[in-house]
Amino acid sequence: MTQRVAVLGTGKIGEALVSGLLRAGKAPADVLVTARRPERAAELHERYGVEAVSNAEAAKSADTLILTVKPQDMGTLLEELAPHVAADKLVISGAAGVPTAWFEERLAPGTPVVRVMTNTPVLVDEAMSVISAGSHAGEAHLLRTEEIFKPVGRTLRVPESQQDAATALSGSGPAYFYFLVEAMTDAGILLGLPRSVAADMIVQAAVGASVMLRDSGEHPVKLREAVTSPAGTTIAAIRELENHGVRAALLSALEAARNRSQELASGSR
């Protein structure tokens, strides 16, 4: 039997999932979307041929519900959905810091819930989507979740106890790289390069380094050592990074992100 999927809260990431589902062979008739604004709903229908419905209708009609609204909006959405979500539906949440137990308490007893932390490279099919099962979700539910997210990148299963760390490392991870590229581009300008030239150099260096990390299987230390000649330019730069505590700053930054995810989970905004 064909499974219908509904994406609720179709912003950029939700739209990327819709696109991924269709590219993976899902028929537009089997994909539903919800949107706050009628013009957004019309745009999605025109672009993908999917049907835009109300949240309640999505909950009644779809076998799998993907909730992509912001964490602070999840309570309002669940109040609207809960009366219409049967216990045989799969609910997938992409909200940072909101545990599966929170959904299970508000949905019909036994409803399977899967928590997913993806990241913005979902927009270019290079996401890392970290998946955790709730207490009622089994292997079939995890496989169904992976089928949805694999067209837009890689998937990885972890225990839910590791989701706050995954949020800090992977969910927020692209922002750290953008921050580093921004700083290195500014350094290129300081050294006398035009901004566009510096940006092209750094972006390509980042792409090349990422592909080498992914495809070579080498430890990053070995790859860094291959660039670091004795008494050369790279080791001089590395020494300055260590002198300024960049490694320690990164550790503290990711710990702060993990702590904030835990605060969100406890209801703090």
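Numbering starts at 1 and runs along the sequence shown.
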Salt bridge present between Asp186 and Arg195 (N-O < 4.0 angstrom): yes

Approximate separation, where rounding is to 0.5 Å, of Thr64 OG1 and His141 NE2: 8.5 Å

As an exercise, state the distance from CG of Leu65 to NZ of Lys89, rounded to the nearest 0.5 Å. 6.5 Å

Do the side chains of Ile131 and Arg115 get nearer than 4.5 Å, heavy atoms only? no

Verdict with supporting geometry, Leu142 and Val114, side-chain contact (heavy atoms from CB on, under 4.5 Å): CA-CA 7 Å; Leu142 290 171; Val114 174; 4.3 Å; yes

Quick one: CG on Leu250 to CD on Glu255, what's the gap to the nearest 0.5 Å? 12.5 Å

Are Thr120 and Tyr178 close enough that some pair of their side-chain heavy atoms sits under 4.5 Å apart? yes

Could you walk me through whether Leu81 and Leu67 pass side-chain contact (heavy atoms from CB on, under 4.5 Å), step by step? CA-CA 11 Å; Leu81 289 181; Leu67 314 184; 3.8 Å; yes

Closest contact, heavy atoms only, Leu32 versus Ser61: CD1-CB, 3.9 Å

Might you confirm whether atom NE2 of His45 has over 12 heavy atoms from other residues, nucleotides or ligands at distances under 6.0 Å? no

Looking at Arg40 and Glu15, is any side-chain nitrogen of the basic one under 4.0 Å from a carboxylate oxygen of the acidic one? yes

Are Val130 and Leu17 joined in one hydrophobic group, where the rule is that I, L, V, M, F, W and Y side chains link up if heavy atoms are under 4.5 Å apart? no

Co-membership, hydrophobic cluster, residues Val98 and Met117, 4.5 Å side-chain: no

Going by atom types only, do Arg23 and Ser19 share a side-chain donor-acceptor pair under 3.5 Å? yes

Cluster overlap Val116 with Met74, hydrophobic side-chain contacts below 4.5 Å: no

Is any NZ, NE, NH1 or NH2 atom of the basic residue among Glu139 and Arg157 found under 4.0 Å from an Asp or Glu carboxylate oxygen of the other? yes

With a 4.5 Å cut-off on side-chain heavy-atom distances among I, L, V, M, F, W and Y, is there a chain of contacts connecting Leu44 to Val5? yes

Without swapping roles, check the side chain of Glu104 against the backbone of Gly134 for a donor-acceptor pair under 3.5 Å. no

Can any side-chain N or O of Thr111 pair as donor or acceptor with the backbone N or O of Leu107 at less than 3.5 Å? no

Would you sort out whether Val85 and Phe103 count as a side-chain contact (heavy atoms from CB on, under 4.5 Å), showing the intermediate values? CA-CA 11 Å; Val85 179; Phe103 293 92; over 6 Å; no

Pro112 versus His136, closest heavy-atom pair with distance: CB-O, 3.6 Å

Common cluster, Val50/Val122, ILVMFWY with side-chain heavy-atom separation under 4.5 Å: yes

With a 3.5 Å cut-off and no angle check, do the side chains of Glu160 and Thr100 form a donor-acceptor pair? yes

Quick test of your reading of the model: are Arg260 and Asp164 salt-bridged, counting only N-O distances below 4.0 Å? no

Kindly compute the distance separating CD1 (Ile235) from CZ (Arg224), expressed to the nearest 0.5 Å. 6.5 Å

Any sub-3.5 Å donor-acceptor pair from Arg4's side-chain atoms to Ala29's backbone N or O? yes

If you look at every heavy atom in Gln162 and Val158, which pair is closest and at what distance? OE1-CB, 3.6 Å

More than 12 heavy atoms of other groups within 6.0 Å of Glu39 CD: yes

With a 6.0 Å cut-off (strictly less than), is the heavy-atom count around CZ of Arg154, excluding the residue itself, greater than 12? no

Could you walk me through whether Val31 and Tyr48 pass the side-chain contact (heavy atoms from CB on, under 4.5 Å) check? CA-CA 10 Å; Val31 180; Tyr48 300 106; over 6 Å; no

Is there a side-chain contact between Leu193 and Thr185 in this structure, where contact means two heavy atoms from C-beta onward sitting under 4.5 Å apart? no

In terms of heavy-atom contacts, Ser170 and Asn119 come closest through O-ND2, 3.1 Å

Kindly compute the distance separating OG (Ser261) from CD (Gln163), expressed to the nearest 0.5 Å. 8.0 Å

Is there a side-chain contact between Ser132 and Pro159, using heavy atoms and a 4.5 Å cut-off? no

Mind listing the closest non-hydrogen atom pair of Ala168 and Leu254 along with its distance? CB-O, 3.4 Å

When rounded to the nearest 0.5 Å, the distance separating OG1 of Thr155 from CD of Glu147 is 10.5 Å

Using atom types as modelled and distance alone, determine if a side-chain donor or acceptor of His219 lies under 3.5 Å from a backbone N or O of Val221. yes

Flag, side chain of Thr10 to backbone of Thr34, donor-acceptor distance under 3.5 Å: yes

Does Leu169 offer a backbone N or O that forms a donor-acceptor pair with the side chain of Ser172 under 3.5 Å? no

Here the pair of heavy atoms bringing Ala27 nearest to Leu22 is C-CD2, 4.1 Å

Ser252 side chain to Ala249 backbone, donor-acceptor under 3.5 Å: no

Is there side-chain contact between Ser216 and Leu223, with heavy atoms separated by less than 4.5 Å? yes

Do Arg36 and Asp73 sit within salt-bridge range, that is, some charged N less than 4.0 Å from a carboxylate O? yes

Taking the side chain as every heavy atom from C-beta outward, state whether Thr118 and Ile13 have any atom pair closer than 4.5 Å. yes

Any side-chain heavy-atom pair of Gln3 and Lys26 under 4.5 Å: yes

Side chains of Leu8 and Thr68 in contact at under 4.5 Å (non-hydrogen atoms): no

